[in-house]
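Data block below; observations after.
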Amino acid sequence: MSVASVPFSFSRLSLIAGNTFLEAVRQKLFNFLLLLAVGLVASAQFFREFNFGSSELKFISDFGFGALIFFGSALTIATTAQLFFSEIENRTALTLLAKPLWRAEFVFGKFLGVFAVIGVFCALTIGLMMALLWHREGQLMDIRPEDFANGRLIAYGDLVVVGVLQWLKFGVLAAIVLLIASFSNTNLFTVVTGFFVLVICHLQYLARDAWGNVDNPLVGLVVRVLGFVFPNFQLFNLADQIGQGAGVSPIVALQVAGYAVAYIGVIGGLAVYSFRNREI
Amino acid sequence: MSPSVSAISIQGLTKDFSVTLRGVKLRAVDALNLEVAEGQVYGLLGPNGSGKSTTIKIILGLLDATVGDVRVFGVPANRVEARRNVGYLPEAPYFYRYLSGRELVKFYARVCGVSGATLKARVDEVIDWVGLSGAADRRVGTYSKGMLQRIGLAQALVHDPKLIVLDEPTAGVDPVGSAEMCELIRKLKHQGKTVLITSHLLAQIEDVCDRVAILDRGKLIVEGSVLELVGQRDRQALIVDPLPEADLEALRGWLAARGHTLNAVEQPRARLDQLFLSKVSRPGRPGGASAGVGSNEVPLDAKP
Ligand SMILES: Nc1ncnc2c1ncn2[C@@H]1O[C@H](COP(=O)(O)OP(=O)(O)OP(=O)(O)O)[C@@H](O)[C@H]1O
Ligand SMILES: [Mg+2]
């Protein structure tokens with residue numbers, strides 16, 4: 001007897017993503033995100049007294065991106081692990097996976113749901129930061145018009161581009177956390193390992209710089225393999241280029257985005273592979 | 001589809017769990033063979049830890065068999081296609097507490113591919129069917145145990161599966177609720193569905209099941225139709241008005257003259273659950289088909 005096969009379905013995938021997002025909304029995670037974003041950006045205001053003129057704007061932008069990177073990473077790890085394990089620990093995964101549904105749809109659905117949540121956080125933080133910069137820039141333009149002879153200094157378009165790239169980087173991180181969660185038994189283990197991997201991803205370029213050119217071919221190989229296995233999160237830090245020279249090059253931005261998407265695809269695939277064998 | 005295909009076919013199923021780091025195995029199911037024919041209500045019984053839930057999870061592809069072949073309507077249980085025709089209510093079910101009952105059933109319906117015009121009708125139909133209409137717009141997080149079992153049954157039925165697997169659907173449910181659950185299972189049977197059910201309430205299983213299997217430590221120890229297993233073919237009961245002693249003697253004589261004996265004279269007693277059912281009222285539920293929900297719910301604007 002043959003039963004019609006069940007094709008991979010993007011609509012089921014987006015149903016799960018939507019439900020994951022809804023969980024974050026209804027469990028009041030967003031109230032927290034909003035508070036965090038407002039708090040972060042508002043705290044940049046404390047430094048107003050420095051009144052460096054246009055360099056004050058640079059400071060606000062650096063501060064904003066620093067906060068986005070730090071809190072965004074923490075939030076990505078915690079949210080991904082939480083939204084995944086709430087499904088396992090409450091045994092709702094049992095009911096869901098007993099439906100005609102591919103485990104790949106489950107894993108990528110979870111991923112997209114988390115990715116959307118982080119997207120909201122990034123949009124909030126960047127949006128608020130841009131509003132603050134715009135406002136402050138307007139004030140400074142009145143106080144010291146000589147600094148702004150050629151109009152506004154801040155490249156707002158570049159801010160958006162860099163924000164999107166950070167969001168993609170958090171996507172890579174979320175995929176890594178899902179991969180860890182797919183075989184881990186506890187939320188805590190997942191979060192701790194996730195932070196560990198985050199640090200490696202941020203610092204691996206140091207290892208490459210220090211040992212990549214050592215004569216010992218074995219060490220060189222190990223370093224290169226590590227640099228390949230762990231994505232280099234330093235690549236995403238284009239914030240320094242904002243407002244300097246030609247600004248953020250669209251080609252570089254696209255390359256970095258492609259780098260992120262490739263890692264998300266591969267790591268997500270590994271997560272599906274590992275989750276397929278998991279006993280629920 | 002040929003009628004010879006069983007709804008569930010289990011051959012030589014063994015399931016080991018590794019329970020320690022040193023690889024010590026625990027055998028949860030041991031060389032189990034089981035056939036559930038289409039249209040049957042099949043009871044899977046056994047003490048705690050005898051492997052009932054494990055067997056069910058393997059049927060649903062949630063666990064992989066260590067050894068053995070498990071098929072659902074002829075399709076290997078670990079394939080996604082096998083779950084097309086199956087509805088599942090897990091034991092002690094727990095659902096997304098942030099959704100309302102209706103949203104929950106709708107979510108599962110859409111996951112199962114119910115869509116378009118039929119979606120809303122089907123969702124309303126199953127919610128009504130399990131008697132939860134009154135509470136469908138409340139958050140699942142506020143539901144009582146009995147209501148969780150009901151919403152769980154609704155989500156299991158929403159895509160109109162041919163096989164329904166219920167793991168302890170009456171655990172934690174009051175006698176009224178579990179009698180209603182049995183009634184629903186009977187209705188499913190009349191609709192031609194196959195039902196696999198586990199329960200510790202043997203009286204209920206006996207009332208509702210066609211066949212039962214008893215597991216002990218993962219091994220099948222008894223299997224057969226309920227009638228075969230517990231029917232006493234060599235006995236018959238007559239129920240009469242109270243007889244005076246003299247009449248009873250006369251009856252004994254009458255029977256003895258025909259070569260029969262009167263084995264026992266006893267007063268039939270109503271079972272306690274029947275008494276409970278007749279005494280406990282659920283107001284506002286016409287026809288006695290109470291919902292186990294909202295019976296003491298008062299609209300906020302109602303004046304006493
Ligand atoms: N994931 C698991 N890992 C290790 N052992 C398990 C796992 N799941 C079940 N077991 C063991 O397998 C055995 C059978 O468990 P199972 O849940 O199937 O029993 P059951 O018949 O459903 O019992 P109950 O009536 O209590 O629900 C038990 O000894 C249990 O401890
Ligand atoms: Mg059980």
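These numbers come from a predicted model, not from an experiment. Residue numbers begin at 1 in each chain, while the letters A, B, ... track the order of the sequences.
Across all their heavy atoms, A:S5 and B:E81 have their closest contact at CA-CG, 3.5 Å.
Taking 4.5 Å as the heavy-atom cut-off, the residues of residues 268-280 of chain A that approach chain B are A:R278, A:E279, A:I280, ordered by number. Taking non-hydrogen atoms and a 4.5 Å limit, the residue list of residues 166-182 of chain A in contact with chain B is empty. Heavy-atom proximity under 4.5 angstrom to chain B picks out A:L101, A:W102, A:R103 from residues 101-120 of chain A. At a heavy-atom cut-off of under 4.5 Å, chain B is reached by A:E87, A:N90, A:R91, A:T92, A:L94, A:T95, A:L96, A:L97, A:A98 from residues 73-98 of chain A, listed in order of number.
Around atom CZ of A:F183, more than 12 heavy atoms belonging to other residues, nucleotides or ligands sit under 6.0 Å away. Atom CZ of B:F17 has more than 12 neighbouring heavy atoms from other residues, nucleotides or ligands inside a 6.0 Å radius. In this structure, B:K193 places its NZ atom where more than 12 heavy-atom neighbours from other residues, nucleotides or ligands lie under 6.0 Å away. Atom CZ of A:F196 sits in a sparse spot, with 12 or fewer heavy atoms from other residues, nucleotides or ligands closer than 6.0 Å. Residue-environment remark: NZ (B:K219) stays at or below the threshold of 12 foreign heavy atoms within 6.0 Å.
Residue B:L89: no heavy atom, backbone or side chain, is found under 4.5 Å from chain A. With a 4.5 angstrom heavy-atom cutoff, B:Q155 touches chain A via backbone and side-chain atoms both.
Top candidate by heavy-atom pairs under 4.5 Å with chain A, chosen from B:L99, B:V86, B:N78, B:V165, is B:L99. With respect to chain A, the highest number of heavy-atom pairs below 4.5 Å among B:I59, B:L63, B:L60, B:L62 belongs to B:L62.
Interatomic distance, A:R26 CZ to B:E103 CD, rounded to the nearest 0.5 Å: 4.0 Å. We find the CG-CZ distance between A:N19 and B:R110 to be 10.0 Å, quoted to the nearest 0.5 Å.
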**OP:** Could you give me the CA-CA distance, side-chain angles and deciding distance for B:R97 and A:E23, then say whether salt bridge (charged side-chain N to carboxylate O under 4.0 Å, His left out) is met?
**Re:** CA-CA 9 Å; B:R97 49 183 301 120; A:E23 172 167 3; over 6 Å; no
